[in-house]
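Just so you know, these numbers use all the heavy atoms, side chains as well, and skip hydrogens, waters and symmetry mates. Values in this document were obtained by computation on a predicted structure and should not be read as measured data.
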Amino acid sequence: METESADIPPNQTLYVNNLYEKISKKKLIEQLLLLFSKYGPILEIVGSKSLKMRGQAFIVFKDITSASNALREMNGFNFLDRPMKIQYCKSKSDAVSKLDGTYMEKKREREENDKKGSNKKQDRKLTGQQQQQQQQQQQQQQKRPAPTSTTSPTTSNGTVSLQPRDDPPNKTLFVENLPDKCDSMMLSMLFSQFQGFKEVHMVESKKGIAFIEFEDEIKSGFAMTNLQHFKVTPDKPMVVSFAAQ
C-alpha cells in the first residue's frame, strides 16, 4: 500500500502515521481497533515493526462512509501523546479487492512484479474468525440498549449484570465486566475522547473493574451514556455506572 501527499479520492483504506513507535505490533493493532471500530466494520489493520513501516499503519473499513467519518474525526487525535496523521490510502487493499472481485487480478500482477525482482510484501491479515468477531462487535454496539437507572449490579447466579448500578450522579465512574487484558492505557484512550477526562484508576486486587475520574458529573454522565455496553472484546460488554460515594 502506498500513499502520496496530493489529494487522493476517498476510499475504504486509511493510512495512519506519526504513531508511537515504542509499542508492540499486537498492542498497536488492538488499540487502533479499539479507537476506530466505533466508525464501522473493520476488515483489517496492517502494522509492522520494520524500520520502513515504523510508526505507520493501514486501517481497512468495509465501506467508504465509515472510513471518511473516521478520518474526519480522528485526524490529529492525540494517540499516546502524539497527534495521528491520517489520509486516504493511494492503493486498494487486498481485503477490499476480495470484496469487489479484483483480488485475483491484483494477485497475478503482484506475482509478475515479484518475478522481475521487486521485493515481495507480506500482508499482515486478521483471520476470518477475527474479522467475524469484529463485525459481530459492531452489530452488537449498534443494538446496545440505553442505560437504565435502577437495577442490581449482579444477577441471581452471581454473574455480572449488564445493567448499571443505581448510584447518584458524580464525577467518578465505576466500570466493570472488563476483560482481563484491559489495562489503564486502553481505558485512557477510550475515555479521553470525552471532554473533562482526568485519569483512570485500576483495581489491582480485582480484575475486570476500574474507576474513571472526570471534572464533574455532567461530563462523566455523557461518557457513561456513550460508552455503556461498549465491547472491548466481542464477549465483554463493559458496564458503566456512577461510583458509590
Side-chain angles (χ1 to χ4, degrees), residues 14-40 42 44-50 53-59 70-71 73-86 124 126 130 133-134 137-138 140-141 144 160 164 171-215 219-243:
L14 298 181
Y15 169 66
V16 186
N17 66 353
N18 198 40
L19 296 171
Y20 184 66
E21 299 175 358
K22 295 180 181 180
I23 184 174
S24 69
K25 184 179 111 175
K26 179 181 178 181
K27 198 75 171 179
L28 174 65
I29 291 176
E30 284 180 354
Q31 295 182 0
L32 288 175
L33 177 61
L34 184 67
L35 283 176
F36 284 87
S37 60
K38 64 182 179 180
Y39 296 102
I42 293 176
E44 67 176 346
I45 297 179
V46 180
S48 174
K49 291 298 291 181
S50 66
M53 284 292 296
R54 189 175 299 168
Q56 306 170 66
F58 295 91
I59 302 174
L71 186 152
E73 295 188 19
M74 296 301 291
N75 189 28
F77 179 82
N78 196 23
F79 177 71
L80 300 178
D81 294 327
R82 299 183 70 172
M84 289 190 293
K85 297 180 180 178
I86 308 174
R124 275 68 175 179
L126 301 176
Q130 287 173 312
Q133 289 176 343
Q134 291 167 15
Q137 176 182 348
Q138 296 306 313
Q140 291 299 321
Q141 283 181 244
R144 67 190 183 196
V160 176
K171 64 181 181 179
T172 304
L173 298 178
F174 176 62
V175 184
E176 53 192 323
N177 201 38
L178 295 169
D180 290 346
K181 69 176 183 179
C182 188
D183 56 24
S184 59
M185 182 168 21
M186 294 175 69
L187 289 176
S188 292
M189 286 192 302
L190 188 60
F191 282 90
S192 63
Q193 302 174 68
F194 300 95
Q195 186 177 5
F197 169 78
K198 295 181 68 176
E199 58 185 336
V200 172
H201 298 284
M202 302 297 294
V203 180
E204 301 295 337
S205 60
K206 185 176 180 181
K207 293 183 178 180
I209 64 174
F211 292 92
I212 316 295
E213 193 82 17
F214 279 84
E215 293 177 354
K219 295 181 177 65
S220 63
F222 182 75
M224 180 179 71
T225 299
N226 282 272
L227 290 178
Q228 191 66 263
H229 299 144
F230 179 86
K231 289 191 175 183
V232 180
T233 59
D235 60 339
K236 282 281 189 178
M238 65 183 185
V239 181
V240 187
S241 311
F242 289 115

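To the nearest 0.5 Å, atom CG of residue L190 and atom CG of residue L227 are 4.5 Å apart. Atoms CE and OG, from M185 and S192 in turn, are 12.0 Å apart once rounded to the nearest 0.5 Å. Taking CD1 of I29 as the start and OG of S24 as the end, the distance is 9.0 Å to the nearest 0.5 Å. To the nearest 0.5 angstrom, I59 atom CD1 is 8.0 Å from M74 atom CE. Rounding to the nearest 0.5 angstrom, the gap separating the CD1 atom in I209 from the CE atom in M238 is 14.5 Å. In this structure, the separation between CG on L33 and CD on E30 is 8.5 Å, given to the nearest 0.5 Å.
Residues satisfying the salt bridge (charged side-chain N to carboxylate O under 4.0 Å, His left out) criterion with E21, sequence neighbours excluded, are absent altogether. Contacts of K85 classified as salt bridge (charged side-chain N to carboxylate O under 4.0 Å, His left out), with partners at least two apart in sequence or in another chain: none. Partners of F222 under the ring pair (Phe, Tyr, Trp, His ring centres under 6.0 Å) rule, at least two apart in sequence or in another chain, are F194. Considering only residues two or more places apart in sequence or on other chains, L19 meets the side chain to side chain contact (heavy atoms under 4.5 Å, CB included) condition with V16, L28, L32, A57, F79, M84. Residues passing the side-chain hydrogen bond (donor to acceptor under 3.5 Å, both in side chains) test with R82 are N18, sequence neighbours excluded. Applying the salt bridge (charged side-chain N to carboxylate O under 4.0 Å, His left out) criterion to E73, with sequence neighbours excluded, gives no partner residue. For E213, the side-chain hydrogen bond (donor to acceptor under 3.5 Å, both in side chains) test picks out T172, with sequence neighbours left out. F77 is linked by a ring pair (Phe, Tyr, Trp, His ring centres under 6.0 Å) to nothing, counting only residues two or more places apart in sequence or in another chain. Residues passing the ring pair (Phe, Tyr, Trp, His ring centres under 6.0 Å) test with F174 are F211, sequence neighbours excluded. With sequence neighbours excluded, the residues satisfying side chain to side chain contact (heavy atoms under 4.5 Å, CB included) with K236 are N177, P179, T233. Q56 meets the side-chain hydrogen bond (donor to acceptor under 3.5 Å, both in side chains) test with Y15; sequence neighbours excluded.
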Requested in this report: Starting from the C-alpha separation in whole Å, work towards a yes-or-no answer on side-chain contact (heavy atoms from CB on, under 4.5 Å) for K171 and E215.
Outcome: CA-CA 6 Å; K171 64 181 181 179; E215 293 177 354; over 6 Å; no
Query - Criterion side-chain contact (heavy atoms from CB on, under 4.5 Å) on C182 and L187, from CA distance to verdict - result: CA-CA 7 Å; C182 188; L187 289 176; 3.7 Å; yes
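Looking at every heavy atom in both residues, F242 comes nearest to G221 through CZ-CA, 3.8 Å. Of all non-hydrogen atoms in A223 and F214, the two that sit nearest each other are CB-CZ, 3.5 Å. What you find for N75 and I86 is that their closest heavy atoms are OD1-N, 2.9 Å. The shortest non-hydrogen separation linking G47 to K25 is O-CD, 3.2 Å. The minimum heavy-atom distance between S241 and E176, with the atom names listed, is OG-OE2, 4.5 Å. Considering all non-hydrogen atoms of both residues, P237 and K231 come closest at CA-CG, 3.8 Å.
Sorted by first and then second residue, the salt bridge (Lys or Arg N to Asp or Glu O under 4.0 Å) pairs involving residues 183-209 (not counting sequence neighbours) are K27-D183.
For Q195, the CD atom counts as loosely surrounded, since its 6.0 Å shell holds 12 or fewer non-hydrogen atoms of other residues, nucleotides or ligands.
Under the 4.5 Å side-chain criterion, counting only non-hydrogen atoms from C-beta, I45 is not in contact with F36.
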